[in-house]
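A short worksheet on the structure shown next.
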Amino acid sequence: MPEERGGSPRTLAEALRARDDEELAALLRARPDLLSPVPNDVTQLATRAGTRASVVRALEHLDRFTLQTAEALAVAPDPAPYGTLLALMAGDDGDADVAAALPGALGTLRRQALVWGDDDRLRLVRTARELLAPSPTRPSPTGLGPTVTEATAGMSPGRLQEIVAAAGLPTTHDPVSAVASLTALFTDRTRMADLLDTAPSDALAVLDRLVWGPPYGEVTADPTPPVRWLRDRGLLLPASARTVVLPREVALHLRAGRAHRVPEPVPPAVAPAAEYGPQAVDNAAAGQAYTALTTIEDLLKDWHEGGPAVLRAGGLAVRDLKRAAAALDTSEQLAAFWIELAFAAGLVASDGEADERYAPTPGYDEWIELPPAERWGELAVAWLTATRTPGLVGSQDAKGRTLSALGPGLDRSAAVEVRRRVLELAAELPHGTAPAPESLLSRLRWERPLREAAGSTKDLRARVAAWTLSEAELLGVSGRGALSTHGRALLGAEGVDSAPGADGGTLADRRARAVKALAPLLPEPLDHVLLQADLTAVAPGPLDRPLAETLAVLAEIESKGGATVYRFTPGSVRRALDAGMAASDVHAFLATHSRTPVPQPLSYLVDDVARRHGHLRIGAASAYVRCDDDAVLGEILADKRSHGLGLRRLAPTVLAAQSDPGTLLEGLRAMGYAPAAESAEGDVLITRAHARRTPPRTPPAPVPEGPPVPDGTLLGAAVKAIRAGDMAATVVRKPAAEEGRPRAGELPRTSSAETLATVQAAALTGSAVWIGYVNAEGTASQRVIAPVRVEGGFVTAFDHTADEVRTYPLHRITGVAELADDAG
């Protein structure tokens, strides 16, 4: 192990002060919570690094073996030499894998300021020791109990001497030496083995039940002979009136020196589940990517004129989710995923009206005009960075409320980390290899054991990992379970249009590479269909958008898949005529876009609907019906189904109705007629879909798990500020009179006249001075400044703490002291 520079540090602050700038920056990058706000100096940084919240966060980000190393240090003597730590981790026999991995784990703990000191004096941060060491109320993860010293605290001296004598040791004159004698016996492998050789077999069985924890056991007022034999010799010590505990030294002997039953120095490998050709994976992923685009389009077309209402508590009602699932021909859970994906991409939002409803955003109109690969890139980036977890839809929160799609309560800050890590592990396998889900979950549990053990978080992380695999398949990031080429590019994996060893660049760069990789794999849109004699049209692939939109009006979609089947019906043809198409337009459209001759039944259907379309005219009377053929109006009046419309004849060719025009229109269509609405001037009204859009909306911002990882610029500035503040706090000052000399941590105190004279002298000589300063908010700080000019009650100086020229009011300077001549 490398030795620390300089002498052995006495405190964590001294250990941090001895680090270079790169090592301090690495600490702040690994623990960004230490930067909120930037510490004034190294002492404050060390104090903050030892707070409970910060230590807990740091421990949660340790892998299993590094955490096991910290747990071993928590039960080792404080301080502990490296050899003791190695013995606790590798055991008496030594484990080559543990010995090889231990320096790296210890280096991680040192870099994160959880461990400090030289190899002969390793110290775990006090807060971490309190969290990981065993106590009566909180067992140690190692399963070890208290030491002999801790277990015998408060025991009577007479009882201690009885134990010493029963163990075959000479009696002592005081409890301290008695405890030391017992500890020496229990840590001596040879003498301990001799003592256990004399133990009854039942006593050894009792020890076997306690050796790996929990170390506590209940006893009766009259214990059995095996327990009495162990208790008399101190192999079991009383923890309470009815409880005994196995001392740590005894357990370590029985464990052959190991702190953990199963050390895990090597992460479990991600096993392959199946292997395919890379091209087959890419093709499958590209096909699913195109399906994802059409699914999102179908969803937002269904909400084109205004989607479902927003619940009072926010989100989508269950019945509306069911309708969306039916419209997309999928399950409710998958429908929730597509809805949340559109929301994360900023394509759908609430309109903010009094009668609040969901609708496409203006961003959807821009998105729909992009090339297919670009549209997929937008969805993939939104999915990769989203903290909302649609898999939770339908479950209940801590208060028993059901979580709804698009509603509050779906954000989980750990989702981004888990999602990205799952994809990174899949990317480590050869291209075309699908990972085995269970092995992947085992690897995740090894990398974040504390988080996996945190109650509901354990289940959540496992579920997010499973959801990631299925969602990646739905979105086309993976194909047949294996990560695709464009999926690897989106992740920034090496070997995908990037230099070896590159970090993949920014998210925008990775997105551009993914789009470039996907574009050649997507099918080219077709400009034709195949018309068939059974009044259907087959689209053998994806259609151009204008063609698809017109065909969706003219025909009903009967089935989807690799080829979409459209069926022409009287109702669909009438819908096209209502939208403003004439019969000649329909014939021309079919002839232009069909690779087969237009079937005669389809031509007859169009002509027949067109001949009857508009034969009846409806206007506002409340409403009226007019027709040149009075026989048709008589037929309508005679039909019992028209009684609810309140019709009566005003003239041979006009009927008046009590219903409004819309109800009258739908009622006559239900009776089998093909009426057309007309304006007050008698012109046929063309009905077109009214597009409803929300005001401009931005996509929902992901909920961060903690402080963001600082970039290089912020780290450099923070390290510089910490160094400057540390210099101001630790700089050597000239001795002053005893009454004017500040105590450690206090600001200097000098009179106004002395302060003015000292800074003026420093300005003349160009020297630096140490000042105490209180800003307008009342915050006190220490600074080292080099005065340049003193006038008008202000001193202008170069502030070494801030590394810039600043102006300070003299009345806010509490005091000033000159620096010693040998000050650095």
Could you tell me whether a side-chain N or O of [X] sits under 3.5 Å from a main-chain N or O of [Y], the two making a donor and an acceptor?
X      : Y      : result
Arg789 : Thr796 : no
Arg123 : Leu114 : no
Thr779 : Asn775 : no

Taking it one step at a time, do Arg111 and Thr108 satisfy side-chain hydrogen bond (donor to acceptor under 3.5 Å, both in side chains)? CA-CA 5 Å; Arg111 284 191 298 274; Thr108 299; 3.1 Å; yes

Looking at [Y] and [X], is there a salt bridge between them, counting it only when a charged N and a carboxylate O are closer than 4.0 Å?
X      : Y      : value
Glu14  : Arg17  : no
Glu447 : Arg64  : no
Arg445 : Asp63  : no
Arg421 : Glu417 : no

Scan for salt bridge (Lys or Arg N to Asp or Glu O under 4.0 Å) pairs involving residues 142-156, sequence neighbours excluded, and state none if there are none. Glu150-Arg248

Is the count of non-hydrogen atoms from other residues, nucleotides or ligands lying under 6.0 Å from Arg812 atom CZ greater than 12? yes

Answer yes or no: are there more than 12 heavy-atom neighbours, outside Arg138 itself, under 6.0 Å from its atom CZ? yes

Kindly indicate whether the side chain of [X], heavy atoms from C-beta on, has any atom under 4.5 Å from the side chain of [Y].
X      : Y      : result
Leu490 : Leu423 : no
Leu756 : Leu810 : yes
Tyr82  : Pro103 : yes

Sequence-distant partners of Gln760, side chain to side chain donor-acceptor pair (under 3.5 Å), two or more places apart: none

Hits for salt bridge (Lys or Arg N to Asp or Glu O under 4.0 Å) against Arg121, two or more places apart or cross-chain, chain-then-number order -> none

